[in-house]
Amino acid sequence: MKRHAVTAIVAASVLAVGIAFMAHESGHAVAGSLAGGSPTWLTATEVQGDFEGLSPTGFVALGASGSLANALFCFLGWCGLRRKSATAELRLSAWFFFAVNGMLLAMKAIGEPVAGWGDWMTILRPFGTPMPLRIAVAALGAVALVFLVRRSGDDLAKLLPPGESAQRVTEARRVVWIGAVAAGVLALGANVANPVSTTRGLLLGLAAGLGPFFPMIFAARFASRVAPRDDCRPAIAKWPWLGAAGATTAIMWFVFGPGIRL
């Protein structure tokens, strides 16, 4: 069977992951500032500043703003997948936007209340962060993750050219693995010069960049359940997509990587 070009997969993954990072952290910086806080550094993985004086509503806005930005791009990806006139390259990028942003949302909702730190603890701070509430949020995140795994698997199946069932599952896993490698390189490159803490930045970057790909690998198991579109063809490397991915990489590595002083 025909396969998606490696360069097309890399470009789609870099665009989705890079924009997910930048939108998430920029959302925190904007919301924190509007709520009365004082952000001082904006990096690829976190925002530093003085937010202790925020009102309860301000803390909720600060914590939720990054996830709301990811939810927006998840929705845009979902819309792109359902656009009948979309090219193979647009559909592949839309799938990465939908899956990466959606999985990131669900995994943060599961992990952060359990671990006791992160955006969700900021959201829950005005409520005293009781354990029953933290468990309820994690349970909702788990339900969302199960839905996203099945939905993203079905949507990926529609992007795979015709072939035998085993071949289509193999191609689905190939798409996810290549995308994961590209995301890992992007995250590492963006955090080698992290001004807050290189080690912390690298760990946060790898967790955020690679975390969504673990359930995406599992979603690839469902790639044989849905028939491909009649007009399905493999994505190829086109200059607009390569250029956009290159620009995203440059901004991540040389702007958000060393940080932006606010």
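Both Val185 and Val176 belong to a common hydrophobic cluster when Ile, Leu, Val, Met, Phe, Trp and Tyr are linked at side-chain heavy-atom distances under 4.5 angstrom. Phe21 and Phe254 fall within a single hydrophobic cluster, where Ile, Leu, Val, Met, Phe, Trp and Tyr side chains are chained together by heavy-atom contacts under 4.5 Å.
Ion pair Arg168/Glu171 not flagged as a salt bridge, since none of the NZ, NE, NH1 or NH2 atoms sits closer than 4.0 Å to an Asp/Glu carboxylate oxygen.
For the pair Arg151/Phe98, a side-chain contact is recorded, criterion being any heavy-atom separation below 4.5 Å from C-beta on.
The closest donor-acceptor contact from the side chain of Ser13 to the backbone of Ala182 lies at 3.5 Å or more, if one exists at all. Distance alone, capped at 3.5 Å, places no donor-acceptor pair between the Thr129 side chain and the Arg125 backbone. Here the side chain of Glu25 pairs no donor or acceptor atom with the backbone of Met22 at under 3.5 angstrom. Ser65 contributes a side-chain N or O that, together with a main-chain N or O of Ala61, makes up a donor-acceptor pair within less than 3.5 Å. For the pair Glu89 (side chain) and Lys238 (backbone), a donor-acceptor distance under 3.5 Å is absent.
For the side chain to side chain donor-acceptor pair (under 3.5 Å) with Asp155, the lone residue among Arg82, Arg91, Arg150 that qualifies is Arg82.
Partners of His28 according to the ring-ring contact (aromatic ring centres under 6.0 Å, His included) rule, which considers only residues two or more places apart in sequence or in another chain, are His24.
Here Ile123 sits in one hydrophobic cluster together with Val60, Trp120, Leu124, Phe127, Leu133, Val137; the rule is ILVMFWY side chains under 4.5 Å apart, joined directly or through other members.
By the 6.0 Å contact criterion, CH2 on Trp41 is enclosed, its count of non-hydrogen atoms from other residues, nucleotides or ligands being greater than 12.
Within the structure, the salt bridge (Lys or Arg N to Asp or Glu O under 4.0 Å) test picks out the following pairs touching residues 93-116 (sequence neighbours left out): Lys108-Glu112, Lys108-Asp119.
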